[in-house]
Amino acid sequence: MLIKKADKIKPSEITSESVYLNRRRFMQGLAGTAALIAAGSARAIPEYDLDSDLPRYPGPDWLQGLLRASEPNAAFSSQEDLAPYHSVISHNNFYEFGTGKKDPAKNAQNFNTDPWKVEISGEVDKPGVYNLEDIVKPHRLEERIYRLRCVEAWSMVIPWIGLPLSQLLKQVGPNSKAKYVEFTTLQDPQRMPGQRSLFSSLDWPYVEALRIDEAMNPLTLLAVGVYGNALPPQNGAPLRLVVPWKYGFKSIKSIVRIRLLEEMPKVTWNETAPREYGFYANVNPAVNHPRWSQATERRLPSSLFNPNVIDTRMFNGYADEVAHLYAGMDLKKWF
Amino acid sequence: MQSKMLRLLQWWFMFLAALLPLGWISYNAWIFNLGADPAKTIVDFLGQWALHFLWISLALTPLKHLLGWSGLLRYRRMLGLYALFYACLHLLSFATFIVGWRWDLLLQAFTERPYIFVGATALLLMIPLGITSTKGWQRRLKKRWGQLHSLVYLISLLVMVHLIWLIRASYFDAVLYGAILAWMLGYRLYLKRRQLQRRRGTAAAGS
């Protein structure tokens, strides 16, 4: 539950009494009509106008109903312009399918993600290998609009569909020793051509992790869909993490294992280049990547007429929700 | 007369062929076919072609010795100038499309980002080579001309460092271009050593 703090409400936002009373009378008159409209609206997620010549990803049968029943969560929304569908599905970093931005959209189309199993193990009461369906079905899916800030200094605004990670974790019951949550992407070189590359700087499988309090934070989302449909394979189907206050590489794709651990696990980018990528990887305009500045970002899609350079915000603009997790920590050291 | 005609045709063919990458990227930008991040695509593409032209111009000497391809050697100046041309476009497109001529960001990029600094240095060093590439300058500088233009080896190494410092997920480009460069420069060292040995040999025979 996101609680808006009192100090965020400006005096100008407070409605004067006369307006309030007028509005109240107006609403009373409308109440009957509103009830009728509410009863008729089956789907609260907007019908996105997706280009008809682009592929859609309806997902497996069991998921379709859940996606249709999903509702936007107003507490996790944004007034910013969404990155268009074609950008979201064609500009991806998913090195298992190639290192070019367009490679995943090209190479992942035949990547079958149904059926899909997820191992949940470690410090939990109910470890096991679960069918994805069985994990997801007990939950109501919600749509959240998040900013995604890539460590390469570009960003997009994306409407995900998923469930809070905390709900899934509660379902399996982490015990008191669980201090970290580790996620692992599928390793299958037969189906993931990038894993056959001789020139990759990464060791497979891809691993990422969160501290347990980060994992339990209401912002942390397990996504199964985007833009009203299931996740396209290039976006991390069938199950991915979305941690909007951290650089995009923390939001691991195509998850096959979730482990709860007592010790901080090794994670892929940090292992590959520890000077460049920290375990935390919180979006932080004050701490530059050794090779480029993180003070600004290019909001995509950009055009040649406007590079769309905007200032990067602390925790990607989610400081109110997550800054307390790092109270007292030197974020220059724990980048 | 006929051979002069043929040469002219060849020259124009080379001149226009070297503009094809620019034409291709411009066309694709025009029809919005460069994806979600056209800026990055254009900058990378132009940089890559600057590198290609530099590498091709460096390959001509070893190719002449190994395969007897000397015809292309006549176009070395043109190819080198195209390397400079694409490198300038690479920098201009970076300043325009990526940083939007925000001087604070631009200054920061040049002073704080080693890979940009190295790339900019390489470009800076190419400019005097471009200016002195004419026959007139060649005559005026005499022996110095060769010395000045051997800066191209340093430039190619700087370009290589620029490329290596850009690596994120794949070593492929660095390995490919690095191996080619190592071969091209190594072959020159080999030629030079053989030349020295021969000179020493003839000197010994003369005594």
Side-chain angles (χ1 to χ4, degrees), chain A residues 83-103 105-106 150-156 158 194 197-202 206 249 268-269 272-273 276-277 288-311, chain B residues 25-46 48 92-119 161-179:
Chain A
Y85 179 64
H86 63 86
S87 301
V88 171
I89 66 164
S90 69
H91 190 81
N92 310 98
N93 275 339
F94 195 177
Y95 296 141
E96 282 81 348
F97 291 102
T99 52
K101 293 284 183 288
K102 289 181 178 172
D103 289 348
K106 208 166 53 196
C150 180
V151 74
E152 296 166 354
W154 53 265
S155 61
M156 290 190 190
I158 301 172
S197 167
L198 294 173
F199 300 100
S200 171
S201 63
L202 304 182
Y206 192 87
F249 69 86
T268 300
W269 275 108
T272 307
E276 303 192 353
Y277 310 99
N288 287 331
H289 186 280
R291 290 184 281 171
W292 55 84
S293 167
Q294 297 291 27
T296 59
E297 66 203 51
R298 291 177 310 116
R299 178 60 56 81
L300 300 187
S302 66
S303 82
L304 294 181
F305 308 106
N306 179 9
N308 231 355
V309 178
I310 57 175
D311 287 340
Chain B
I25 196 80
S26 307
Y27 173 71
N28 279 286
W30 180 255
I31 63 166
F32 297 103
N33 192 32
L34 296 177
D37 196 355
K40 185 82 176 13
T41 310
I42 289 176
V43 171
D44 288 355
F45 181 88
L46 293 170
Q48 200 163 27
L92 280 176
S93 60
F94 170 75
T96 309
F97 302 137
I98 301 264
V99 298
W101 290 104
R102 263 182 65 177
W103 290 100
D104 54 328
L105 296 183
L106 213 54
L107 187 74
Q108 202 185 32
F110 284 107
T111 52
E112 291 177 24
R113 310 289 147 232
Y115 80 96
I116 292 181
F117 179 78
V118 167
V161 172
H162 180 65
L163 189 66
I164 289 169
W165 279 349
L166 276 165
I167 293 176
R168 216 168 99 76
S170 172
Y171 298 117
F172 182 77
D173 282 359
V175 169
L176 176 72
Y177 295 118

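Residue numbers begin at 1 in each chain, while the letters A, B, ... track the order of the sequences.
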Handout entry: Top of Leu300(A), Asn306(A), Val88(A) for chain B proximity - count of heavy-atom pairs under 4.5 angstrom
Key = Leu300(A)
Exercise for the section: Would you mind checking which part of Pro84(A) comes under 4.5 Å of any heavy atom in chain B, side chain (CB onward), backbone (N, CA, C, O), both or neither? Expected result: neither
Completion exercise
Note: Tyr277(A) and Arg168(B) closest approach over all heavy atoms is OH-NH1, 2.9 Å
Handout entry: Closest-packed option against chain B by number of heavy-atom pairs under 4.5 Å, given Leu304(A), Thr99(A), Val309(A)
Key = Leu304(A)
Handout entry: Within residues 103-117 of chain B or reaching into it, pairs that qualify as side-chain hydrogen bond (donor to acceptor under 3.5 Å, both in side chains) - sequence neighbours excluded
Key = Arg102(B)-Asp104(B)
Handout entry: Shortest non-hydrogen contact from Ile98(B) toward Pro307(A)
Key = O-CB, 3.8 Å
Handout entry: Rounded distance (nearest 0.5 Å) linking atom CG of Asp44(B) with atom NZ of Lys101(A)
Key = 8.5 Å
Problem - Proximal to chain A - members of residues 29-39 of chain B, heavy-atom separation under 4.5 Å - result: Ala29(B), Asn33(B), Leu34(B), Gly35(B), Ala36(B), Asp37(B), Pro38(B), Ala39(B)
Problem - Contact origin within Ile116(B) toward chain A - heavy atom pairs under 4.5 Å - result: neither
Handout entry: Arg291(A) side-chain N/O to Ile167(B) backbone N/O, donor-acceptor pair under 3.5 Å
Key = yes
Handout entry: Pairs of heavy atoms under 4.5 Å with chain A: top-ranked of Ala109(B), Ser93(B), Ser170(B)
Key = Ser170(B)
Problem - Inter-residue atom distance Ser200(A).OG - Tyr171(B).OH, 0.5 Å rounding - result: 8.0 Å
Problem - Pair Lys40(B) + Glu152(A), salt bridge at N-O below 4.0 Å - result: no
Completion exercise
Whatever's closer than 4.5 Å to a heavy atom in chain B on His289(A) counts as backbone
Practice task
Just give me the residue among Asn308(A), Leu202(A), Thr296(A) that pairs up with chain B most often, heavy atom to heavy atom, under 4.5 Å.
Solution key: Thr296(A)
